[in-house]
Peer 1: 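Sharing a structure with you now.
Everything numeric here is computed off the predicted structure, so don't read it as measured data. In what follows, chains carry the letters A, B, and so on, assigned in the order in which the sequence lines appear, proteins first and then strands, with residues in each chain numbered from 1.
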Amino acid sequence: MSRIGVFVCHCGENIGATVDCKKVAELSAGLHGVVHSVDYKYMCSDPGQTMIKDAIKEKKLDGIVVAACSPRMHEPTFRKAAQESGLNAFLCEMANLREHCSWVHLKDDSTTEKAFELIHMLVEKVKKNKPLFPIKVPVTKTALVLGGGIAGIQSALDIANSGHQVILVEKDPSIGGHMAQLSETFPTLDCSQCILTPRMVEVAQHPNIKLITYAELEAVEGFVGNFKVKIRQKAKSVDEKICNGCGDCTTKCPIKKIPDEFNAGMGYRAAIYVPFPQAVPNKPVIDRAHCTWYLKGGKCGLCEKVCPTGAINYQQEDEILTFEVGAIVAATGFDIKGTDFFPEYGYGKYKNVINGLQFERLASASGPTLGEMKRPSDGKTPETIVFIACAGSRDSAKGIDYCSKICCMYTAKHAMLYKHKVHSGKAYVFYMDIRAGGKNYEEFVRRAIEEDDVSYVRGRVSKIYERNGKLIVKGVDTLLNSMPMEIEADMVVLATAVVANHDSEQIAQKMHISYDAYHFFAEAHPKLKPVETNTAGIMLAGACQAPKDIPESVSQGSGAASKVSCLFSQDVLTREPLIAEVNRSAPPLYSTCVGCFLCQSVCPYMAIETEEIRMRDGSLIKEVARINPGLCQGCGTCVALCRSKSIDIHGYTHQQIFSEVVALFNRREEYETV
Amino acid sequence: MIKVGYFPGCSLHGTAIEYEESLRSVCAEFDIELVEINDWNCCGATAAHSLNHLLSIALPARSLALAESQEFTEILVPCAACYSRLLSAWADITQDSKIRSKVSDIIELPLLGTAKPISILEFISRYILPELKEKIKYPISQKVACYYGCLLVRPPNLVHYDRYEDPLIMEEFVKVLGGKPIEWGFKTECCGAGLSVTRTDLVGKLSGKILEDAVLRGAEAVIVACPMCQSNLDMRRKSINNYLGEKVDIPVMYITQAIGLAMGIEPRKLGTKKHFVSMDKFIGNFRLGQVEHSKAGEV
Amino acid sequence: MKQFEPKIIAFVCNWCTYAGADLAGTSRLKYAPNVRIVRFPCTGRIDYQLILKAFENGADGIIVSGCHPNDCHYTSGNFYARRRWIVFKSLIDFMGFDNRRMYFSWISAAEGAKFASFINEVTDSIRKLGPYTDYSNLRKIGVGSIGEEL
């Protein structure tokens, strides 16, 4: 005989205004097995919780149903309350009267009926609940940071400084990310590399950081505190331990006309290269897709000949490195759309139409023009330059509905940098809105407009075409009588949309984390858990989650690091025990499992093992499935699949769910008679 | 003999009679018969859809329904403006059964949407292009500008042509004809359209910019596939010349005329004399090319 | 006469559709009150005997809904659910039951509006079909109950 308590919350007016909570509580009191049923204004408040605790003790309740908001909101609160008064936390269930009932239906009898039915379903479920106890697992106090941009660097340094080991993996030959490509940064106009490179060096020299560049994530197994990651170290073809970084190989390499990724295609590099002079590590790699030695079967070999230390190793192979880590920080960054994304601006065929990143390289002192304003087509100084903000962003026709957030600011910065370098030049900015929310941001934009005389035109550019070496930019000024405008420009810079990396979807799938419609990684909660993912132990930092500027990326990098440090402050983690289990029974059956192992084939976590049941003399009786409680994440796919119904999942057992379903339909008449 | 449903609209029986003549002459060479839809009516043009949405569907829908009853599955609509109206009505009735039954009631005809309007570009790609190369007798060797105007490849969600800002399909035809299409930025710019009547000065400006750029890039003719564009670029030369401050004499011809010329169809059958700006110089140069071509053949 | 109000039961996963339904709530969207949600960790957990059980007990319609393909919190549970659904639905059809009362959908945590309109759609179509008794009648002629062994 069960002793169930029902607690109906009004949630102020949120539930109370549409559902007759008093009536619901009265009806619930009449349910079989319910010995206590009350309603109250705010169940989650201190007096509300005390009410629950007192009732559990006084009425000796062996299960409670709190009918309030979504369990995704307050289940932990009420389970904790139950636990504190001596009732096992898993004997508390929540009926979702707010999100699933009062907020979505009108005030009506049918809404009250639904509320009552939702409670009844959970009353029947909770009767079948069993006390469960959290699982304890050890923590490996090493973190993996994926991505060596500013967010990853910040994260790695913070974790390392709190005394934990960090493995920092970067896909490019050097860390630094997009920030290393930038010329100056808004709103202070300090040189990006000047503030970044010291941090890069710090990473390289930190005793707690193991830096692995030119490497990619191959696979992630395991769970929070106990991940096993495989990293593919791509063959650099240069032995890092022997190489002294003299650079003779890169100057001698005959293949020199490869568009340079670091310079966003604005310059060239050799087939054996260091991405940029301040690279960390400052050792070259061979780009096998362009190197003659690989393309023509062992010909050339010049770099090997000139290398004073004999560090070149053409035969080097990719290597798979395996590490055990307790937490992962994903800081894989972003990409921006190329100019070929815009049919109206010539599908990228005009050389003097470039994107923001390319302009950064043009403006950078370390760039292909050494910071001089020279346009790509003929190296002339552009006298008139047009910047187009929102190129792709906030444009549903282009499939990118969101704001890329950084463009307003960097466009103002670009226009300013241009005016500082070409005093006689004329700079136009076409914009939709100026979004300069941030410390000193608005002031920065005003400076561009007022002090540096940049012409801001509110309107869109419909078309760009080339004539007589000039780019004719056709736009409209919506603030000046909507007059069409035509500007003869020497160069156009598109502030193209910030997008997720092309492989972010695959990376997310390898880590088992979710991602949004634009393939940015999804945070666990948009407001309250912006750093965590839905997969415990995996944090996010930087623009892999959404477009972000440098200060935000750094903040989130530190945020992720602090989450990792919190995790690592514990020696043992406790996990929710909502996992699957294969039944065991007394001999001669041992288990109803027949050993078909279909479950093994569907388990995404490889959590199902084979267990041999043997006689005392060692002879095999039967092979059955066994679920590793450390690996099981509780999806329950094996449960539904099991032919002999030998697997069940705690918290969602067959008995619980069937009771829930049956309860719903056996109730209707009773309600009508009341 | 292939029979294709044909919706001429007002232009092809009137101001753009040479478009029809050249279209029919070319089709005859390919053994295609254009069968005019019985009792077709006005597509509604800009007037209908700026006044009443339902009317703008019902008018073209009536012609679609008639085409269906005459068992056509495709209707060739050479006029780009008519094509746009018919296609958008077709899309409305095939995507929304409520609109379809409503419109069917209005026009008092059964309406299923089984007859799909096709543009002249689709028609040429499908029926003319496959055998065009072998039928060319006198390749065009001149530089020409292919001009699409606003409605031929747009709006993208109706026409589903992926390069709607910079279409290349007419250029493909011209290359098969032997011509050299120029690369330019005015392919889909506005010619002034209906302002032709009320604000000829604006048409002069808009069309003027188009012709100016074509001439600047060395084109000897503009090739179009829309009666509206043709008439603005051809007929409004006075306003155009006023705007440009110089006289431009670049002829504007239909893609079907260009195909006909390259196939060696007599200019008379292609209506080349019916333009305001004479095509004689172009045809002269073209014939010169033919002579050289045939001489080269003799050697 | 009072309009027939169908009883619909929705089996949804915790991560996407349940959260999507929560979002419909926080967005204050309004939809028909005929649906009752049963929460599962994943659509992969949903045992299709439950669907029969629901019909047997008088459900007029059922819904199974989870994360979009590739968005499963557990990587692949929704794919297994979909596969089993296809087989199950044709089996139901083969056995002569009305499979117009079964709906499968992907609704993500961000699709509150889709959840609301989906519930309205399903409720409307099932209301038109009327009460469902084919299955519950089987009990009366002595066919055993689903899931009794559990």
Peer 1: Taking the side chain as every heavy atom from C-beta outward, state whether Lys7(C) and Glu117(A) have any pair of such atoms under 4.5 Å apart.
Peer 2: yes
Peer 1: Does any backbone or side-chain atom of Ala116(C) lie under 4.5 Å from a heavy atom of chain A? Answer side chain, backbone, both or neither.
Peer 2: neither
Peer 1: To the nearest 0.5 Å, tell me how far Ile8(C) CD1 sits from Leu664(A) CG.
Peer 2: 11.0 Å
Peer 1: Evaluate the criterion side-chain contact (heavy atoms from CB on, under 4.5 Å) for residue pair Met73(A) and Asp22(C); output intermediate values, then yes/no.
Peer 2: CA-CA 10 Å; Met73(A) 177 96 191; Asp22(C) 276 3; over 6 Å; no
Peer 1: What pair of heavy atoms forms the shortest contact from Tyr74(C) to Cys635(A), and how long is it?
Peer 2: CG-CB, 3.0 Å
Peer 1: Would you say the side-chain atoms of His105(A) pair up with the backbone N or O of Lys30(C), donor to acceptor, closer than 3.5 Å?
Peer 2: no
Peer 1: Does anything in residues 32-42 of chain C reach chain A? List residues with heavy atoms under 4.5 Å apart, or say none.
Peer 2: Ala32(C), Pro33(C), Val35(C), Arg36(C), Ile37(C), Val38(C), Arg39(C), Phe40(C), Pro41(C), Cys42(C)
Peer 1: What option among Ser76(C), Cys13(C), Gly77(C), Ala54(C) has the most heavy-atom pairs under 4.5 Å with chain A?
Peer 2: Ala54(C)
Peer 1: Any sub-3.5 Å donor-acceptor pair from Arg72(A)'s side-chain atoms to Asn14(C)'s backbone N or O?
Peer 2: yes
Peer 1: Please name the pair of heavy atoms, one in Tyr652(A) and one in Arg45(C), separated by the smallest distance, quoted to 0.1 Å.
Peer 2: O-NH2, 2.7 Å
Peer 1: Going by the salt bridge (Lys or Arg N to Asp or Glu O under 4.0 Å) test, which pairs reach into residues 88-106 of chain C, not counting sequence neighbours?
Peer 2: Asp98(C)-Arg100(C), Asp98(C)-Arg101(C)
Peer 1: With a 4.5 angstrom heavy-atom cut-off, could you sort out which part of Tyr18(C) is near chain A: side chain, backbone, both or neither?
Peer 2: both
Peer 1: Between Lys53(C) and Val662(A), what is the shortest heavy-atom contact and its length?
Peer 2: CE-CG2, 3.5 Å
Peer 1: Which atoms form the tightest heavy-atom contact between Ser601(A) and Tyr80(C), and what is the distance?
Peer 2: O-OH, 3.5 Å
Peer 1: Is it the side chain or the backbone of Asp108(A) that comes within 4.5 Å of chain C heavy atoms, both, or neither?
Peer 2: neither
